[in-house]
Amino acid sequence: MYRRPLQSAARSFMNVTASRAAGKALDHEVYLSRALVACQLARASSPCVTPCRTLHSTIQLYNVKETPQHSEEEVGAFTKLIEAIGFTGPLKYNKWKIKIAALRMYTCCVERINYDDFFEKCSLPDTLNSWFLVAQLHVWMCLVRMRQEGRAGKYMCRYIVHSMWEDVEQRSKIMGIDAIHRKETMKALTETFYAAIFGYDEGILSDDCVLAAALWRNLFNRQCEDPKQLELMVEYVRKQMQYIDALDGEDLLLTGEVKWRPLVEENAQSILKVATPTYNDTGL
């Protein structure tokens with residue numbers, strides 16, 4: 001509908017041009033003014049005209065905060081070929097060292113977390129499922145950090161997740177869960193884990209509302225009625241991500257040591273001083 005007034009104005013302009021071709025020639029500005037008048041009359045006479053959106057153009061350049069981007073690691077044709085098949089090519093560090101660092105990092109997600117604080121502050125039941133929900137949150141934060149370290153970091157992420165599933169299966173065996181129920185439990189936890197990964201990724205890249213929604217769905221299992229608990233967890237995730245982002249990537253690849261900030265702090269805005277890990281020449 002919004003094209004018809006313009007078409008009628010164009011026809012009026014062409015008719016005027018054709019009729020005046022043999023006669024006295026007028027200036028181009030006169031024809032243009034007549035076409036504009038015809039366009040305005042057509043707009044006024046049209047009963048239902050959808051207003052067009054006004055276009056805004058500017059030459060002003062806006063500054064965007066630049067964040068340091070990790071340069072892509074250059075690999076050869078042979079490495080690309082074997083990785084396309086499904087194998088892992090040569091990495092910056094020895095693969096066994098990275099596997100050991102991945103196991104240490106997962107251990108930090110399990111042994112250096114006070115799970116009782118999370119069960120108490122977030123009103124979570126003391127069960128294997130609640131333990132897994134808290135553990136996967138910290139594993140996800142480690143995965144986000146290590147994915148920034150190129151091919152070696154992605155290789156390390158695979159073994160962090162592998163260590164997590166090995167630990168979950170061993171814990172389920174210790175609790176006496178039979179093989180059939182253990183298989184069903186592992187399948188349900190796998191679906192929960194990868195769904196949580198997508199939700200947390202979206203939340204960390206968005207505002208606090210999106211992150212709170214992801215925590216409400218995954219950590220609280222849609223059963224949180226206290227907004228202060230969500231606020232506490234959003235603050236916790238933000239400050240933890242700020243803290244581990246400040247850790248040196250080379251040290252993480254060699255040691256896997258992560259120290260977590262406490263759940264409740266007096267001044268959550270202050271970032272703790274990063275302790276430099278110590279390791280020998282072999283990375284151990």
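Count residues from 1 along the sequence.
Atom OG1 of Thr185 and atom CG of Asp178 lie 8.5 Å apart (nearest 0.5 Å). To the nearest 0.5 Å, atoms OH (Tyr159) and CE (Met164) are separated by 15.0 Å. Note: Leu211 CG to Leu205 CG = 10.0 Å, rounded to the nearest 0.5 Å. With values rounded to the nearest 0.5 angstrom, Asp117 atom CG is found 9.5 Å from Tyr236 atom OH. Put simply, CZ on Arg104 and CE on Met156 are 9.5 Å apart, with the number rounded to the nearest 0.5 Å. Atom CG of residue Leu252 and atom CD1 of residue Ile244 lie 8.5 Å apart, to the nearest 0.5 angstrom.
Counting heavy atoms from C-beta outward, His162 and Tyr106 have side chains that stay 4.5 Å or more apart. A heavy-atom distance below 4.5 Å is found between the side chains of Val234 and Leu215. Side chains of Leu263 and Met233 form a contact here, defined as non-hydrogen atoms less than 4.5 Å apart. Side-chain contact check for Val258 versus Met141: every heavy-atom pair is 4.5 Å or farther apart. Residues Leu143 and Arg147 meet the side-chain proximity criterion, which asks for heavy atoms closer than 4.5 Å. A heavy-atom distance below 4.5 Å is found between the side chains of Trp140 and Leu137. Residues Asp245 and Gln148 meet the side-chain proximity criterion, which asks for heavy atoms closer than 4.5 Å. In this structure the side chain of Thr127 never reaches within 4.5 angstrom of the side chain of Phe119, judged on heavy atoms.
In summary, the aromatic rings of Trp96 and Tyr155 are positioned with their centroids too far apart to meet the 6.0 Å limit.
For Arg171 (side chain) and Glu166 (main-chain N/O), no donor-acceptor pair under 3.5 Å exists by modelled atom type. Checked by atom type and distance alone, the side chain of Asp207 pairs as donor or acceptor with a backbone atom of Val210 at under 3.5 Å. Judged by distance alone, with hydrogens and angles left aside, the side-chain atoms of Asn221 form no donor-acceptor pair with the main-chain N or O of Gln223 at under 3.5 Å. Side chain of Trp260 to backbone of Cys108: a donor-acceptor contact under 3.5 angstrom is found. Although no hydrogens or angles enter the test, the distance criterion places no donor-acceptor pair under 3.5 Å between the side chain of Ser130 and the main chain of Asp126.
Heavy-atom contacts from other residues, nucleotides or ligands closer than 6.0 Å to CZ of Phe198 number 12 or fewer. Within a 6.0 Å sphere centred on NZ of Lys154, heavy atoms belonging to other residues, nucleotides or ligands number 12 at most.
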Exercise for review: Would you check, one step at a time, whether the test side-chain contact (heavy atoms from CB on, under 4.5 Å) holds for Val237 with Tyr200?
Suggested key: CA-CA 10 Å; Val237 172; Tyr200 290 149; over 6 Å; no
Working for side-chain contact (heavy atoms from CB on, under 4.5 Å), residues Arg261 and Gln242: CA-CA 10 Å; Arg261 301 181 67 176; Gln242 179 194 17; 4.2 Å; yes
Next item on the list: Could you give me the CA-CA distance, side-chain angles and deciding distance for Trp165 and Leu189, then say whether side-chain contact (heavy atoms from CB on, under 4.5 Å) is met?
Entry: CA-CA 9 Å; Trp165 293 127; Leu189 293 179; 4.0 Å; yes
Carefully, step by step, assess Asp167 and Val110 under the rule side-chain contact (heavy atoms from CB on, under 4.5 Å). CA-CA 10 Å; Asp167 185 32; Val110 176; 4.1 Å; yes
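In plain terms, the two heavy atoms of Ile160 and Met105 that are nearest each other are CD1-SD, 3.6 Å. In plain terms, the two heavy atoms of Pro262 and Lys239 that are nearest each other are O-NZ, 2.8 Å. The two residues Met146 and Cys157 have their closest heavy-atom pair at CB-SG, 3.7 Å. Nearest heavy atoms, Cys109 versus Tyr115: O-OH, 2.9 Å. Pairing each heavy atom of Trp216 with each of Cys224, the nearest pair is NE1-O, 3.5 Å. The shortest non-hydrogen separation linking Arg145 to Asp248 is NH2-C, 4.0 Å.
Following chains of ILVMFWY side-chain contacts shorter than 4.5 Å, one cannot reach Leu103 starting from Ile113, and the two form parts of different hydrophobic clusters.
Every residue was checked against the side-chain hydrogen bond (donor to acceptor under 3.5 Å, both in side chains) condition with Asp226, not counting sequence neighbours, and none meets it.
At a threshold of 4.0 Å, the pair Arg112-Glu257 counts as salt-bridged, since one of the basic side-chain nitrogens sits closer than that to a carboxylate oxygen.
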